[in-house]
K.L.:
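Below is a structure I'd like to ask you about.
Every number for a ligand or one of its atoms is a count from 1 in the order of the listing. Starting from 1, each residue takes its place in the sequence as its number.
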Amino acid sequence: TRSTRPQRLLKVVQKHATRGDPQSVISAIDHFCRHSEWAMNVGDEKGSILDSVVSELNPEKVLELGTYCGYSTVRIARLLPPGARLITLEFNADYAAIARQVIAWAGLEDKVQLVEGASEDWIPRMKEHFGIETFDFVFLDHWKDRYLPDTKLMEDCGLLRKGTVLLADNVICPGVPDYLEYVRNSLSYKSYYFKSHLEYTKAEDGLEKSVFLG
Ligand code: SAM
Ligand code: MG
């Protein structure tokens, strides 16, 4: 039977990227997705915005919602300070299996904990199961109808502190109007839009950075 796109993406990484070199993993995936097969990674253009937000924050406890093949996981993890920890959630077992290999190829498995399951099931268990007090940074990039309920769930579970930064992908394309309306109008957030383009295309998309004010 024909291989899946994530399997082909992994093959490209194994063929063209250097083990232990996250930048080469990122470049190999971007080249494949720009020239051969589009895939739903945050991509290079929005990826450089993601990089600057992560670098400025220098977070120690990071949560990623939606791993897919591990592209953004590698992007974020490569910038984290020693001792920092990134927990990434993925409910599709086939994607998770690919992501584990991509993350290991980049040499970042010590910084990353890939957790299989649904965000709505795992968010309430972060404290007891992973000993997390609060997150410094959360990257939201899972199914778009979950951004708002999972944000409220993180608030209710006490996982956000004054200064926690949420960065949400695809706020224009496909779009998350309910989430944007919430973070832009709530007195508990200060929110900024970073205009960019949908991964590997010229269509407008962007990232929304929202600082939790407590
Ligand atoms: N962040 C990745 C990147 O930029 O490389 C792309 C993530 S992709 C856009 C979204 C992923 O979220 C899919 O792999 C999907 O299976 C997963 N997902 C969607 N809803 C989820 C949920 N509620 N819990 C866990 N994973 C979810
Ligand atoms: Mg995305």
K.L.:
Just to confirm my output: which protein heavy-atom neighbour is closest to atom 26 (N) of ligand 1, and how far is it?
P.N.:
F91 N, 3.2 Å
K.L.:
Can you give me the closest heavy-atom contact between D121 and R125, atom names plus distance?
P.N.:
O-CD, 3.2 Å
K.L.:
Starting from atom 10 (C) of ligand 1, find the nearest protein heavy-atom neighbour and note its residue, name and distance.
P.N.:
D141 O, 3.1 Å
K.L.:
Check for me: within less than 2.8 Å of the Mg ion (ligand 2), which protein N/O/S atoms show up?
P.N.:
D141 OD1, D169 OD2, N170 OD1
K.L.:
Near E128 CD, under 6.0 Å, is it more than 12 heavy atoms from other residues, nucleotides or ligands?
P.N.:
yes
K.L.:
Among all protein heavy atoms in this structure, tell me which lies nearest to atom 23 (N) of ligand 1, with the distance rounded to 0.1 Å.
P.N.:
S119 OG, 2.9 Å
K.L.:
Could you name the option among W143, W122, Y68 that has the heavy atom nearest to atom 19 (C) of ligand 1?
P.N.:
W143
K.L.:
Does ligand 1 have an atom under 4.0 Å from some heavy atom of T88?
P.N.:
no
K.L.:
Is D169 close to K46 at the side-chain level, that is, under 4.5 Å between some pair of heavy atoms?
P.N.:
yes
K.L.:
Nearest non-hydrogen contact with atom 12 (O) of ligand 1 belongs to which option: A118, G66, A93?
P.N.:
G66
K.L.:
Compute both the distance and the angle, then confirm whether K152 meets the cation-pi test with Y182: under 6.0 Å from the six-membered ring centre, within 45 degrees of the axis.
P.N.:
yes
K.L.:
Is there a side chain to side chain donor-acceptor pair (under 3.5 Å) between D141 and Y68? Walk through the geometry before answering.
P.N.:
CA-CA 9 Å; D141 191 22; Y68 187 43; over 6 Å; no
K.L.:
If only side-chain N and O atoms count, and only distance matters, is there a donor-acceptor pair under 3.5 Å linking Y200 with D30?
P.N.:
yes
K.L.:
Tell me which protein heavy atom sits closest to atom 4 (O) of ligand 1, plus the residue, atom name and distance to 0.1 Å.
P.N.:
V42 N, 2.7 Å
K.L.:
Less than 4.0 Å is my threshold; does some heavy atom of G117 fall inside it relative to ligand 1?
P.N.:
yes
K.L.:
For T67, which part has a heavy atom under 4.0 Å from ligand 1: side chain, backbone, both, or neither?
P.N.:
backbone
K.L.:
S119 and L65: which non-hydrogen atoms are nearest, and at how many Å?
P.N.:
CB-CD2, 4.2 Å
K.L.:
How far is atom 5 (O) of ligand 1 from the closest protein heavy atom, and which atom is that?
P.N.:
S72 N, 3.1 Å
K.L.:
Taking only heavy atoms of Y71, which atoms of ligand 1 are found under 4.0 Å from at least one of them?
P.N.:
5 (O)
K.L.:
With sequence neighbours excluded, what pairs up with L10 under the side chain to side chain contact (heavy atoms under 4.5 Å, CB included) test?
P.N.:
Q14, I98, Q101, V102
K.L.:
Tell me which one of R75, E90, H142 gets a heavy atom nearest to atom 15 (C) of ligand 1.
P.N.:
E90
K.L.:
Are any of the N or O atoms of E120 closer than 3.5 Å to those of ligand 1?
P.N.:
yes
K.L.:
With rounding to the nearest 0.5 angstrom, report the CD to CZ distance, E208 to F194.
P.N.:
9.0 Å
K.L.:
Please report the C-alpha distance between D178 and Y147 in whole Å, then the side-chain angles of each, then the deciding distance to 0.1 Å, and finally whether the side chain to side chain donor-acceptor pair (under 3.5 Å) criterion is met.
P.N.:
CA-CA 9 Å; D178 62 340; Y147 284 29; over 6 Å; no
K.L.:
Counting each atom of ligand 1 from 1 as listed, which ones have a heavy atom of N41 under 4.0 Å away?
P.N.:
3 (C), 4 (O), 5 (O)
K.L.:
Run the side-chain hydrogen bond (donor to acceptor under 3.5 Å, both in side chains) test against T134 and tell me which residues pass, sequence neighbours left out.
P.N.:
none
K.L.:
Between Y95 and ligand 1, find which residue part has any heavy-atom pair under 4.0 Å and reply side chain, backbone, both or neither.
P.N.:
side chain
K.L.:
My understanding is that only residues two or more places apart in sequence, or in another chain, count here; which of them pass side chain to side chain contact (heavy atoms under 4.5 Å, CB included) with D21?
P.N.:
T18, Q23, S24
K.L.:
Check this for me: K127, atom NZ, are more than 12 non-hydrogen atoms of other residues, nucleotides or ligands nearer than 6.0 Å?
P.N.:
yes
